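Here the structure is a predicted model, which is why all the values come from computation and not from measurement. Here is the naming used below: chain letters follow the sequence lines, and residue numbers restart at 1 for every chain.
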There are 2 protein chains.
Amino acid sequence: MSRETLLPLMAAHVLEHGLGGASLRPLAKAAGTSDRMLVYHFGNKKTLIVELLDHIAGIYSAALDMALGDTRPSSRRECFDRVMEQAADPAMRPFMVLWWEIVAGAARDLPGYEVAAQEMIARQLDWLIRQMPADDPDPEGGARLLLTLMEGSLMLGTVGHAKTARDGLLASDLSPS
Amino acid sequence: MSRETLLPLMAAHVLEHGLGGASLRPLAKAAGTSDRMLVYHFGNKKTLIVELLDHIAGIYSAALDMALGDTRPSSRRECFDRVMEQAADPAMRPFMVLWWEIVAGAARDLPGYEVAAQEMIARQLDWLIRQMPADDPDPEGGARLLLTLMEGSLMLGTVGHAKTARDGLLASDLSPS
DNA sequence: AAAGGAATGTAGCGATTGCTACAATAGAGA
DNA sequence: TCTCTATTGTAGCAATCGCTACATTCCTTT
């Protein structure tokens, strides 16, 4: 059992139970090993978490690649609505919950958190650019705008202000300027 | 020493050191008491945290009231820029860092986190409405839109994608529709 | 002054934390 | 077959966790 075998199992555990309370022994049990072996393979907990975050960022990228739509939207607003609908999928909820924990860790400068978050956002932006309307005059700028709106809306959603974000969006013009 | 005396002191400690690692003994030391007394006053840690979050939401509201600008901006974009500039103030950083921890807690349904976050967002929205241009035809809708953009931008900023948000905003039209 | 509840100190319990010392096994190359 | 290194198990350490039992002090009310 090597690092590569253990990481996906631990990632699954973290997706379900969170990063904050992730201690060696539960992590080990989820991976079918002992805390002793986790330290043996990764040296210490800090570097384990760093590698785990990197691995999770990889999982997220792969999940995005799987979710490429086959038809392109005809407007930025339709694109936004589609992506938001997909983010609301219950299957995405563990990712969502973990995501805010990663953001919090990045804000507090915990090692590995910011790089992982940065990677995940970069992937999401790439993905979004490919999802933009085919005739959009500025797909990069549009994707960046939609990403900002999306993340703001998702955050407001998780703290019980989904309606606030929705109403704000209704009063806005997403079309290219 | 009552609850009301202890809460501000613990809030200061949490603003500096975070909520996640906040355990009874350090909290007590920051408040000049013992863990024994914290349990005596609040019953247990969970309700302590709930009351502490409520208190912190109150502090945040007060801080916003202090920061009401004396001149109104003349456009939504100017309003946005001003608010973002204020949010970038180093003095706001502890609030920012703590904020994402509260969001993460709300996403994970920890008791008290969502209510606190909801309250803080509601206050921020009220504040934003009062900061909108005087001649804005739809201050409520505009404030909701700006709030969404702000929070998205702030999040992207904390994970090292401030430029992404900025470029997205440049390619957008914030004027009322 | 006596009494009684509120407030506080001391000490510690059982559980969990990250990590380590030591020993045992296993499998590959000589 | 014999080493030698890589891997794994067992046991435990010191620190911290939330919380509690028990005793004591303090202040208010009668």
Side-chain angles (χ1 to χ4, degrees), chain A residues 1-56 98 101-102 104-106 108-113 115-116, chain B residues 1-56 98 101-102 104-106 108-113 115-116:
Chain A
M1 267 209 180
S2 60
R3 266 181 256 237
E4 287 66 34
T5 323
L6 301 171
L7 283 174
L9 297 167
M10 293 192 290
H13 177 265
V14 155
L15 272 169
E16 188 175 358
H17 298 96
L19 271 162
S23 41
L24 286 183
R25 268 167 266 240
L27 235 35
K29 176 178 285 187
T33 337
S34 62
D35 56 332
R36 165 72 180 75
M37 288 313 294
L38 291 187
V39 177
Y40 174 74
H41 282 302
F42 298 93
N44 53 47
K45 186 185 176 182
K46 178 152 60 178
T47 68
L48 189 165
I49 295 292
V50 171
E51 294 200 33
L52 187 50
L53 283 170
D54 182 72
H55 183 79
I56 288 174
L98 188 61
E101 209 169 348
I102 294 177
R108 215 166 270 287
D109 274 332
L110 302 186
Y113 281 71
V115 262
Chain B
M1 265 212 181
S2 62
R3 268 181 256 239
E4 287 67 33
T5 324
L6 301 171
L7 283 173
L9 298 167
M10 291 191 292
H13 176 266
V14 156
L15 272 169
E16 187 175 358
H17 298 96
L19 272 163
S23 40
L24 286 183
R25 268 167 265 243
L27 276 177
K29 177 178 285 188
T33 336
S34 63
D35 56 333
R36 167 71 182 75
M37 288 313 294
L38 291 186
V39 177
Y40 174 74
H41 282 303
F42 297 94
N44 53 46
K45 186 186 176 181
K46 178 153 61 179
T47 68
L48 189 163
I49 296 292
V50 172
E51 295 201 32
L52 187 51
L53 284 169
D54 181 72
H55 183 79
I56 288 173
L98 187 61
E101 210 169 348
I102 294 177
R108 215 166 269 288
D109 274 331
L110 303 186
Y113 282 71
V115 264

Both B:M1 and B:R25 contact DNA chain C. Which one's nearest nucleotide lies toward the 5' end? B:M1
Specify the separation, in whole Å, of atom CE of A:M37 and atom C1' of C:dA24. 13 Å
Distance, rounded to the nearest Å, where B:D35 contributes CG and C:dA11 contributes P: 13 Å
Going from CG on A:L53 to CG on A:L98, what distance comes out if it is rounded to the nearest 0.5 angstrom? 7.5 Å
Spacing of CG belonging to A:L48 relative to NE2 belonging to A:H55, to within rounding of 0.5 Å: 11.5 Å
Nearest-angstrom distance from the residue atom CG of B:L38 to P of C:dA7: 14 Å
How many Å lie between CD on B:E4 and P on C:dA7, as a whole number? 12 Å
Could you give the CG-to-P distance, from A:L27 to C:dT16, as a whole number of Å? 16 Å
N/O (side chain, B:H41) to phosphate O (OP1/OP2, C:dT8) under 4.0 Å: yes
Atom pair OG/CD of B:S2 and B:E4 - distance to nearest 0.5 Å: 4.5 Å
Looking only at atom types and distance, does a side-chain atom of B:N44 sit under 3.5 Å from a main-chain N or O of B:T47, one as donor and one as acceptor? yes
When you measure from the side chain of B:H13 to the backbone of B:K29, do you find a donor-acceptor pair of N or O atoms at a distance under 3.5 Å? no
Given C:dG18, C:dT20, C:dA7, identify the nucleotide with an atom nearest to the side chain of A:R36. C:dT20
When you measure from the side chain of A:R3 to the backbone of A:F42, do you find a donor-acceptor pair of N or O atoms at a distance under 3.5 Å? no
Provide the start and end nucleotides, 5' to 3', of the part of DNA chain D that has atoms under 4.0 Å from heavy atoms of chain A. D:dA6 to D:dG12
